[in-house]
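Notes follow once the structure below has been shown.
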Amino acid sequence: MALTTSYLVALGWLIHQATGQCIADETINAEFASFVDGYSTTTTAEDLAAAGTCCQETICGIPCPEEVDAPGKGYGITVAVFVAISALIGIATVLCVKGKSENYFVAGRSLPLWVVAATLASQSIDSNAILGNVDLSYKFHFFDGAVLPIGLGLSLILNGTFLASKINKDGALTLPDVYAKRYGKVVEVLVSICTIISFMFLLAGNLVGMGTIIHYLYGGISLQGAIWVSAVVVLAYTITGGLFSVAYTDVFQATIGWLGCITLAFYMIHNAEPSAPPQSIGFVGYSYPDAEACELYDGVECDNQDIVNAVDGTLRTCCYNEAKYGPDGVDNGAYLYADAPVIGAAMTKADGLTPFPNAIVFNWATIFVLGFGNLAALDFQARCMASKTPKVAVMGCFIAACLTFLVGIPFSYLGAITRTFYGPDTARASFETDTCSTILELPTCALWNPDSLAFLKLLTHEAPPVLGAWCLVGIVAASMSTCDGAILAMGTVFSHNIMRNLGCCVTPKTLLVIARVASIPFAVGAAAIASLHKSTGYLLVVAFDVVLASVVVPLFGCFYTKKPSPLAALLSILAGATTRVILEFTLPKDGFLIAPFNKPEFMNVGTAASSLYPSFFDQPIEDRWDPSTEQCDEVRFNDWSGADSLISPVVGLFVFVFVQFLERNGPLIAFKEGGLFVGYLKEGQGDLDKTCEKNEESDSERGQGGDYDTQQDGDAGKEEVTE
């Protein structure tokens, strides 16, 4: 037998995984035992493995997946050398800090355009935008991965257009400082907590990416162990040099890494033949869906002329040519129609990927979450603050956006190429035996298990060795560049914006020490999350979902309202965050991220339905599965993930605007001067406009928003803080 590829990853609830049997249903299992040699009702998957076979071969006639050799040692050595050099560069930058917190946090506000663009792009082009991207486009389809770099690039464009210049002029050390200036200490602490939680997930996703490569290249290290090794390496050089170490290692990593990734991507796109899995040739008994396929593969007339095409209701009268292709078959018959690198309808039509389900709601939500949620990214805005001038911050964002698109989107094309070598129509394919699908006409083996390491295997076995190693280095570089930025950002915010406001003994002399020490538990926590949830792309979306629901709306309020209201900001954060939490536990979510459209493609696979042949096989009708009599027990997908991400910031925006409107003639609550709900200035925010005027003569507008322009003469002069 053979099958058509499924859109889903393996289901954890399948009964046979717990029992060890190929088929859990006793009746169907007994039917197979009655005519399959060497198989009985008590045979387990372990028994078959000991006999040199497997469930998918015994039950479905699909050869057991071929093993792929371990990668050569040269790949591991190359990556290890690169990691060591990056760490040494980062540690060496401790000399640049000179004990000054401003040097540690914002690199002395001295970064030129080329460094700003490189380091912004390095934060955007992380392992989510590369490894997570191609992993999703391989398992599902192009846009399931491409939405990640598209959303990240969009956020840089939005940041450059609306926020970068204003944030650079604000003279802040951290993003929560911007909120503190308008809304006071309570909002500052809330924003700090939200952004730290966000970056815990961002760091976790990138530790998974880096750890996955280390685990693959050094087979003796478990994935969990590799994640912890990654955390220790990045933490070591980040806490020594601060943003200097992050910025200059980012430049080194970007120069080496991006070139490797771009070169590999365009080489594979140009040279891969085919660029996506072709229409299946099939095997003995396989019927073709249309005349075009019959003509393409010189099909012959089927013995049975009553085979109905479930897709369009036409008859399938042309079959596999055994005389031409041989009795062993060519592939698994997984592609009824040819695959394609890109299917544009996937972003415009719910059934754009028929006969497979389409996560169109979640994909559009991902673009929105990343595009707007990333505006509250601590690492993005730290680089804007560290830019030499506001214009450098703006141009850096635009250049970084272009780099994100240039590097990230081509990797989405590699998903189809990876399927060509490691997809469901290859000798390496693995399937869940105890599954059925009505739309795919498969009573068993309806679910393909994508290989989580498929792309890494592509790099080490199918790509030219030099390009494969270079790209591996690029992915590690992408992971490291985002990990170090996230670690630095969390330690900085905790020491500068939380510890100080909680009345802890934070002095100019101890600020750096606290920031460095605080980075350690956050790195440990992120590594723990990564060890439990071994995913890249999904953790990225979660990271910026947190801040989109809570703090993005008040951030725009800082600069685009005449008199930003502390009460409006507080209520907006609480309303958005509360809505997000409520919807997380009240909206239906089955974990598959696919909305319940009322179409046949949106039914999840069921357990095995019959021991008969699939409906499209050239067999007598009494030997073919009839779904109307032996039903496949399928359940409709029902996951509204994405809707909660879109609704929550809208609620926060409504609350913010409503309170601002109510306070148009004066505050509803008269907060005590100098209290927790009154804006105040931090060190360095007093007279930065003078520096801006010197560096950028054409830019005379402070951009602080309304009455806050006059606050720049405050008593918080720009003071160097030393350790």
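Note: hydrogens, waters and symmetry copies are ignored here, and every other heavy atom, side chains too, is used. Computed from a predicted model, the values in this text were never measured in an experiment.
No hydrogens or angles considered: a donor-acceptor pair under 3.5 Å links the side chains of D126 and N206. Between the side chains of T607 and D434, no donor-acceptor pair is found at a separation under 3.5 Å. No hydrogens or angles considered: nothing links the side chains of Y337 and S280 as a donor-acceptor pair under 3.5 Å. With 3.5 Å as the limit, one finds no donor-acceptor pair spanning the side chains of H141 and N358. Counted by atom type alone, T438 and E634 present one or more donor-acceptor pairs between their side chains at under 3.5 Å. Side chain to side chain, D351 and T354 fail the donor-acceptor criterion of an N or O pair below 3.5 Å. Defined by atom type and a distance below 3.5 Å, a donor-acceptor pair is missing between the side-chain atoms of D298 and N321.
Side chain of T53 to backbone of A49: no donor-acceptor contact under 3.5 angstrom is found. Side-chain atoms of D644 come within 3.5 Å of backbone N or O of G642 as a donor-acceptor pair. Using modelled atom types, one side-chain atom of S198 and one backbone atom of A543 make a donor-acceptor pair closer than 3.5 Å. Without hydrogens or angle criteria, S479 side chain to I475 main chain gives a donor-acceptor distance under 3.5 Å. A donor-acceptor pair is defined here as one N or O able to donate and one able to accept, closer than 3.5 Å; such a pair exists between the side chain of R316 and the backbone of S287. With hydrogens and angles ignored, the 3.5 Å screen pairs a side-chain donor or acceptor of S412 with a backbone N or O of A146. Listed for the T366 side chain is a donor-acceptor partner under 3.5 Å among the backbone atoms of F362. Looking only at distances, no side-chain donor or acceptor of N309 sits under 3.5 Å from a matching main-chain atom of T314. Y218 places a side-chain N or O within donor-acceptor distance of the main-chain N or O of G76, the cut-off being under 3.5 Å. Using a distance-only test at 3.5 Å, with no hydrogens or angles considered, no donor-acceptor pair links the side chain of Q619 to the main chain of Y613.
When side chains are defined from C-beta on, C22 does not count as touching Q56, because their heavy atoms never get closer than 4.5 Å. D425 is not listed as a side-chain neighbour of R419, based on a closest heavy-atom distance of 4.5 Å or more. Counting only heavy atoms from C-beta outward, the side chains of K589 and E584 approach each other to under 4.5 Å.
Surrounding CD of E67 are at most 12 heavy atoms belonging to other residues, nucleotides or ligands under 6.0 Å away. Environment of CG in D626: crowded, with over 12 heavy atoms of neighbouring residues, nucleotides or ligands closer than 6.0 Å. Annotation for K324: atom NZ counts as buried by contact number, over 12 foreign heavy atoms lying within 6.0 Å. The 12-atom threshold is not exceeded at CH2 of W640, counting heavy atoms of other residues, nucleotides or ligands nearer than 6.0 Å. Within a 6.0 Å radius of CD in E622, more than 12 heavy atoms belonging to other residues, nucleotides or ligands are found.
Residue I214 holds its CD1 atom at 11.5 Å from CG of L472, rounded to the nearest 0.5 Å. Atoms CD and CG, on Q279 and D339 in that order, are 11.5 Å from each other to the nearest 0.5 Å.
The aromatic ring centroids of W448 and Y138 lie less than 6.0 Å from each other. Here the two rings, on F421 and F455, have centers that are 6.0 Å apart or farther.
Between F32 and F35, the two ring planes are tilted [angle within 30° to 60°]. A perpendicular orientation is assigned to the rings of F142 and Y413, their planes being inclined by more than 60° (bins at 30° and 60°). Ring geometry for Y297 against Y325 counts as perpendicular: the plane angle is over 60°, on a 0 to 90° scale with 30° as the lower cut. The aromatic rings of F597 and F602 lie tilted to each other, with the angle between the two planes from 30° to 60°.
The SG atoms of C261 and C471 lie 2.5 Å or more from each other. The SG atoms of C55 and C60 are placed at least 2.5 angstrom from each other.
Contact check on D144 versus K139 returns no salt bridge, with no Lys/Arg side-chain nitrogen under 4.0 Å from an Asp/Glu carboxylate oxygen. A salt bridge links D306 with R624: at least one charged nitrogen is closer than 4.0 Å to a carboxylate oxygen.
Taking E462 as the reference, R428 meet the salt bridge (charged side-chain N to carboxylate O under 4.0 Å, His left out) condition, with sequence neighbours excluded.
With S610 as the partner, the side chain to side chain donor-acceptor pair (under 3.5 Å) test is satisfied by one option alone out of E630, Q631, E31: E630.
For residues 305-359, the pairs satisfying disulfide (SG to SG under 2.5 Å) are C294-C318, C302-C319, with sequence neighbours left out.
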